[in-house]
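Notes follow once the structure below has been shown.
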Amino acid sequence: MHEMSIAMNIVEIAESVARQNNARHINLIQVELGTTSGIVPEALEFCFESACKNTLAENARLELLLSKAEVTCPVCSKTQVLTRQVDLCENCGELLVARQQQELRVVSINVD
Ligand SMILES: [Zn+2]
């Protein structure tokens, strides 16, 4: 599953930061998620829980911040949030392209 490898990757990043800071436990991991990434937040949260087992992040909380790819249609001026890199305007059908956006980024990590 796509989300599982992403969750494990997040835990890996958090663990390496925690070790650098001699932390014993990770409390919270904040992750920014692009709306065009195709990653399902609920699936990621679900996978995160099992990815944390037997790591410094055991029982850590995952906070997902959605980074919205907002685009204003050049034809009808309607502003909308794209869920794909390229999508059609929901109002007039014009082809819209999202600005380049990071799929996923670990924003902050809270440790003990
Ligand atoms: Zn439009």
Side-chain angles (χ1 to χ4, degrees):
M1 201 194 305
H2 188 44
E3 275 83 1
M4 191 64 208
S5 59
I6 294 166
M8 287 169 78
N9 194 243
I10 293 170
V11 173
E12 244 169 62
I13 293 168
E15 269 200 308
S16 76
V17 173
R19 284 206 196 88
Q20 278 163 27
N21 293 286
N22 299 315
R24 284 167 295 126
H25 187 249
I26 298 162
N27 300 318
L28 174 73
I29 305 174
Q30 261 188 349
V31 171
E32 197 180 81
L33 195 65
T35 50
T36 57
S37 65
I39 299 167
V40 182
E42 291 77 20
L44 184 59
E45 275 166 0
F46 179 78
C47 293
F48 177 77
E49 223 169 277
S50 44
C52 286
K53 291 255 156 64
N54 303 314
T55 71
L56 292 177
E58 182 132 34
N59 299 321
R61 212 155 56 79
L62 177 68
E63 200 174 296
L64 293 176
L65 312 165
L66 280 184
S67 152
K68 291 181 181 167
E70 255 187 1
V71 178
T72 302
C73 177
V75 176
C76 70
S77 301
K78 186 175 163 55
T79 300
Q80 53 212 292
V81 176
L82 299 192
T83 53
R84 285 181 293 178
Q85 203 60 44
V86 178
D87 212 345
L88 297 179
C89 173
E90 58 192 31
N91 190 41
C92 72
E94 175 75 7
L95 191 68
L96 303 175
V97 180
R99 355 182 207 91
Q100 207 53 45
Q101 195 190 29
Q102 251 189 323
E103 176 169 279
L104 184 129
R105 193 165 64 93
V106 175
V107 182
S108 78
I109 297 163
N110 182 282
V111 294
D112 270 339

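Since the structure is predicted, the reported quantities are computational estimates derived from the model, not experimental observations.
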Under 3.5 Å donor-acceptor pairs involving side-chain atoms of residues 8-24, not counting sequence neighbours:
| residue | atom | partner | partner atom | Å |
| --- | --- | --- | --- | --- |
| E15 | OE2 | L56 | N | 3.1 |
| S16 | OG | I13 | O | 3.0 |
| N21 | ND2 | V17 | O | 2.7 |

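- By the criterion of side-chain heavy atoms lying less than 4.5 angstrom apart, applied directly or through intervening Ile, Leu, Val, Met, Phe, Trp or Tyr residues, V40 is not grouped with L62; the two fall into different hydrophobic clusters.
- Taking both residues in full, the closest heavy atoms of C76 and C73 are given as N-SG, 3.5 Å, listed atom of the first, atom of the second, then distance.
- Alongside L96, the hydrophobic cluster contains V71, L82 (criterion: ILVMFWY side chains under 4.5 Å).
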inquiry  = Assess the residue pair V31 and F48 against the criterion (side chain to side chain contact (heavy atoms under 4.5 Å, CB included)); give the C-alpha distance rounded to whole Å, side-chain angles, the decisive distance to 0.1 Å, and a yes or no.
reply    = CA-CA 12 Å; V31 171; F48 177 77; over 6 Å; no
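- Sorted by first then second residue, the salt bridge (Lys or Arg N to Asp or Glu O under 4.0 Å) pairs that include residues 86-95, not counting sequence neighbours, are K78-E90, R84-D87.
- The salt bridge (Lys or Arg N to Asp or Glu O under 4.0 Å) pairs that include a residue from residues 98-112 are E32-R105, where partners are two or more places apart or lie in different chains.
- Legend: residues meeting side-chain hydrogen bond (donor to acceptor under 3.5 Å, both in side chains) with T79, ordered by chain and number and at least two apart, are T72.
- Between L33 and P41 the shortest side-chain heavy-atom distance falls below 4.5 Å.
- Apart from V86 itself, the hydrophobic cluster it occupies contains L88, L95, V97, where clustering links Ile, Leu, Val, Met, Phe, Trp and Tyr at side-chain heavy-atom distances under 4.5 Å.
- Judged as a side chain to side chain donor-acceptor pair (under 3.5 Å), the pairs with a partner in residues 51-66 (not counting sequence neighbours) are, in order, Q30-E63.
- Applying the side-chain hydrogen bond (donor to acceptor under 3.5 Å, both in side chains) criterion to S37, with sequence neighbours excluded, gives no partner residue.
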